[in-house]
Colleague: 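My structure is below; once you've seen it, I'll send some questions.
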Amino acid sequence: MGFRPFIYRLAAKYGLSGFVCNLSTGVLVEAEGSPESLEIFRDMIRTKCPPMARVFEFSVEETAVTGRTGFDIQSSLSGRGASTLISPDIAVCEECLSELFDRSDRRYRYPFINCTNCGPRYTIVDAIPYDRANTSMKHFELCVDCRREFEDPGDRRFHAQPNACPECGPSVELFDASGRRVVERDAAIEESIHLLKEGRILALRSLGGFHLAVDAKNDTAVRELRRRKGREEKPLALMAPTLEKIRKFCYLTPEEEWQLRLPTRAIILLQRIPEEEIAPSVAPGNRSLGFMLPSTPLHYLLLLDHFEALVLTSGNHSEEPIVTSNADAMARLGKIADYFLVHNREIQQRCDDSILRVVEHRPRLIRRARGFVPAPVLLKVPTTKQILACGGELKNAVALSRAEEVFLSQHIGDLDNPLAMDFFGETISHLSNVLEIEPEVIACDMHPEYLGTKWAQEQAGLPLIPVQHHHAHLAAVLAENQVEEPAIGIILDGTGYGLDGTIWGGEVLLGNCHSVTRHAWLRPFPLPGGAAAIRQPWRAALSVLNTSYEGDFLRLQLPLFEALSTDMIDIVLDMISKDINAPLTSSCGRLFDSVASILGIRSEVTYEAQAAVELEMSADESEEGLYRESLKGFCPRGELDWTSMVVQIVSDINKEVEVSRISARFHRTLAEMFVVSAISAREHHEIRSVGLSGGVFQNRYFLTHLSRRLEEEGFVVLTHSKVPTNDGGLALGQVAVAAAQLRSVS
Ligand code: ZN
Ligand code: ZN
Ligand code: FE
């Protein structure tokens with residue numbers, strides 16, 4: 001990220017001699033000069049470092065005076081040991097952008113313009129140190145002009161590894177779906193704009209993989225994209241050329257504006273302005289839109305002055321990993337895209353777009369990938385061994401540790417897919433390679449059927465540390481907040497293998513990374529059909545009603561029953577009573593699904609957690625009521641009984657209370673149950689911190705309300721901001737638990 005050139009310029013400014021170079025252990029600077037200027041130099045390194053650079057550790061040693069003159073940037077010395085950090089990819093900077101649209105500049109409209117402050121990094125690297133020879137730019141020899149910039153310490157492109165121009169660098173080409181080359185270079189961009197305006201679907205090679213693009217205002221085109229991609233209702237991401245355009249479609253807070261502008265260029269979930277002109281099928285029935293600003297010069301060339309917004313969704317078939325190579329794109333996206341705008345700068349590391357939402361003034365990652373990876377998360381206490389953590393089954397990401405640094409991989413996806421499993425293996429070998437980490441211990445989930453766990457068991461010779469799913473969630477939120485002391489963990493998610501072999505997911509835990517006890521949990525209920533119940537929330541809803549009314553619920557008047565045949569109901573009730581494929585669960589996610597289904601919001605979903613998402617969106621946040629009666633005589637330890645709350649909900653439905661108010665009352669009552677439980681835990685154990693983790697906390701309303709209530713009760717509330725609260729952050733927790741176990745053994 002332009003660190004060495006920064007040091008060079010600083011040394012020149014203060015008249016110092018010496019050198020700077022990348023070591024595999026970090027950056028080494030040797031500087032010689034007057035004591036006063038050396039002191040200023042030392043302070044400036046820390047206070048004036050480039051915007052994307054972070055100094056994690058800094059040490060100074062005295063060395064003999066050599067009397068040398070001049071200051072050099074030396075080429076990297078490769079070696080074993082810990083490695084220099086590789087930067088995440090950085091969106092095109094302001095200076096490059098103004099050159100891009102400057103007719104007199106030699107890179108006018110050149111889609112691969114970059115400098116030391118911006119451009120591709122992680123996605124083009126295949127080995128360390130980060131030098132051109134170890135990136136996909138090695139195939140492009142610098143022309144005379146580019147080399148001059150690369151070697152001139154005063155130039156903005158001094159040692160910019162991906163430096164390129166139209167003479168010597170990569171270029172774009174446009175192909176049709178039959179593989180015929182239509183046109184190349186600038187004409188390919190012009191033609192792509194034209195095709196998008198006509199409503200065509202364009203496969204576009206971006207930074208970390210392919211995108212599929214259509215005009216976001218053309219509903220027919222968006223629906224066609226959904227049909228071909230096999231994506232029914234899950235919202236599609238959007239890209240707009242400027243902040244002003246996004247403001248036309250969404251309400252923006254200052255924090256959201258800040259997040260949009262950052263060089264990480266994540267997709268930010270924003271509250272949409274009703275009646276705007278985005279095609280309805282972009283995010284059907286959703287109150288939010290996911291917007292990002294362009295991250296590459298190519299995006300700017302396509303969008304600026306041409307589109308208010310493009311749909312820009314991952315180039316893949318439903319849940320497969322995104323496509324990165326041109327050949328793969330033609331093969332796998334040939335039935336989806338009409339045209340392919342490709343280039344010849346190879347993508348070494350697949351990296352999806354990151355997704356986040358701002359809640360309580362802080363970014364909350366939903367998917368952590370491009371722009372964030374491979375920046376480490378720092379532990380308070382270094383790990384004694386290098387640990388590989390395999391993560392969960394869904395939304396998988398793996399992690400590798402090296403002393404106090406934990407490198408969480410980019411989002412890999414759901415492992416129940418052979419291509420995702422390949423990506424899982426590739427990511428582990430790539431990250432261990434570029435970080436020079438040789439795992440000595442493997443941490444994995446306790447679930448015997450998880451593919452990551454099975455993979456871990458096959459790695460011969462390495463000790464295995466299985467970690468209970470919700471313990472890992474608690475450890476993740478403690479580790480991210482650098483807390484070592486025991487805390488109360490309110491861990492709410494969809495599915496996790498429990499210590500008793502049942503499915504957990506509504507847990508109040510007590511402990512830290514070393515160990516936990518289960519203080520309380522949502523009253524378990526049978527989940528008829530197991531995994532099928534995730535796609536069909538009505539199954540869990542029948543079970544929840546059955547538990548709440550002790551079997552006597554079919555006399556009720558509920559909108560849910562209208563959609564179900566008597567046969568379907570009978571089969572499910574049979575499964576419950578005969579205990580056939582109806583595992584017990586304390587899953588909070590399934591409780592949300594059930595309530596959504598009972599309220600008639602949704603009984604079948606087309607993407608994970610859709611029912612819960614719609615239940616959240618339906619909540620009237622001005623509602624102040626809750627089901628107080630169901631908290632009378634409520635036992636805050638052991639089984640947290642929600643059945644009387646369900647009876648109250650049904651009674652509200654029958655009284656024709658608005659769904660928005662019932663939804664809010666449900667959120668608030670459930671939050672209160674956990675508050676009461678946390679208070680009871682504090683009475684017995686004198687713990688003041690509460691960590692919140694698990695996929696349920698992607699629910700903005702629930703997270704906000706529960707955090708505020710806990711703070712009102714005097715708790716210190718720890719939440720996620722650096723890693724996802726869903727299973728995407730699980731591997732960090734697995735590392736933390738394994739590290740704690742290793743410490744207690746040694
Ligand atoms: Zn730049
Ligand atoms: Zn050049
Ligand atoms: Fe989980």
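Because only heavy atoms are used, hydrogens play no part in the values below, and waters and symmetry mates are left out as well, while side chains stay in. Just follow the structure's listing: the first ligand is 1, and inside any ligand the first atom is 1.
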Colleague: Given SG of C96 on one side and SG of C93 on the other, what angle do they make at the Zn ion (ligand 1), to 10°?
Modeller: 110°
Colleague: Given the rule in the salt bridge (Lys or Arg N to Asp or Glu O under 4.0 Å) test, do R357 and E616 qualify, once you have shown the distances and angles that lead to the verdict?
Modeller: CA-CA 15 Å; R357 164 141 102 164; E616 174 196 347; 3.1 Å; yes
Colleague: Among the N, O or S atoms of D493, which one sits nearest to the Fe ion (ligand 3)?
Modeller: OD2
Colleague: What is the SG(C115)-the Zn ion (ligand 1)-SG(C118) angle, to the nearest 10 degrees?
Modeller: 120°
Colleague: Is the distance from the Fe ion (ligand 3) to the nearest N/O/S atom of H473 under 2.8 Å?
Modeller: yes
Colleague: Could you tell me whether D353 and R370 have a side-chain N and a carboxylate O separated by less than 4.0 Å?
Modeller: yes
Colleague: Quick one: do E99 and R157 make a salt bridge, cutoff under 4.0 Å?
Modeller: yes
Colleague: What pairs with R106 under side chain to side chain donor-acceptor pair (under 3.5 Å), at least two apart in sequence or on another chain?
Modeller: E149
Colleague: Once rounded to 10°, what is the value of the angle centred on the Zn ion (ligand 2) between C146 SG and C143 SG?
Modeller: 110°
Colleague: Quick test of your reading of the model: are R535 and E608 salt-bridged, counting only N-O distances below 4.0 Å?
Modeller: no
Colleague: Nearest to the Fe ion (ligand 3), which N, O or S atom of D727 do we find?
Modeller: OD1
Colleague: Take the Zn ion (ligand 2) as the vertex and measure to SG of C165 and SG of C168; round to 10°.
Modeller: 120°
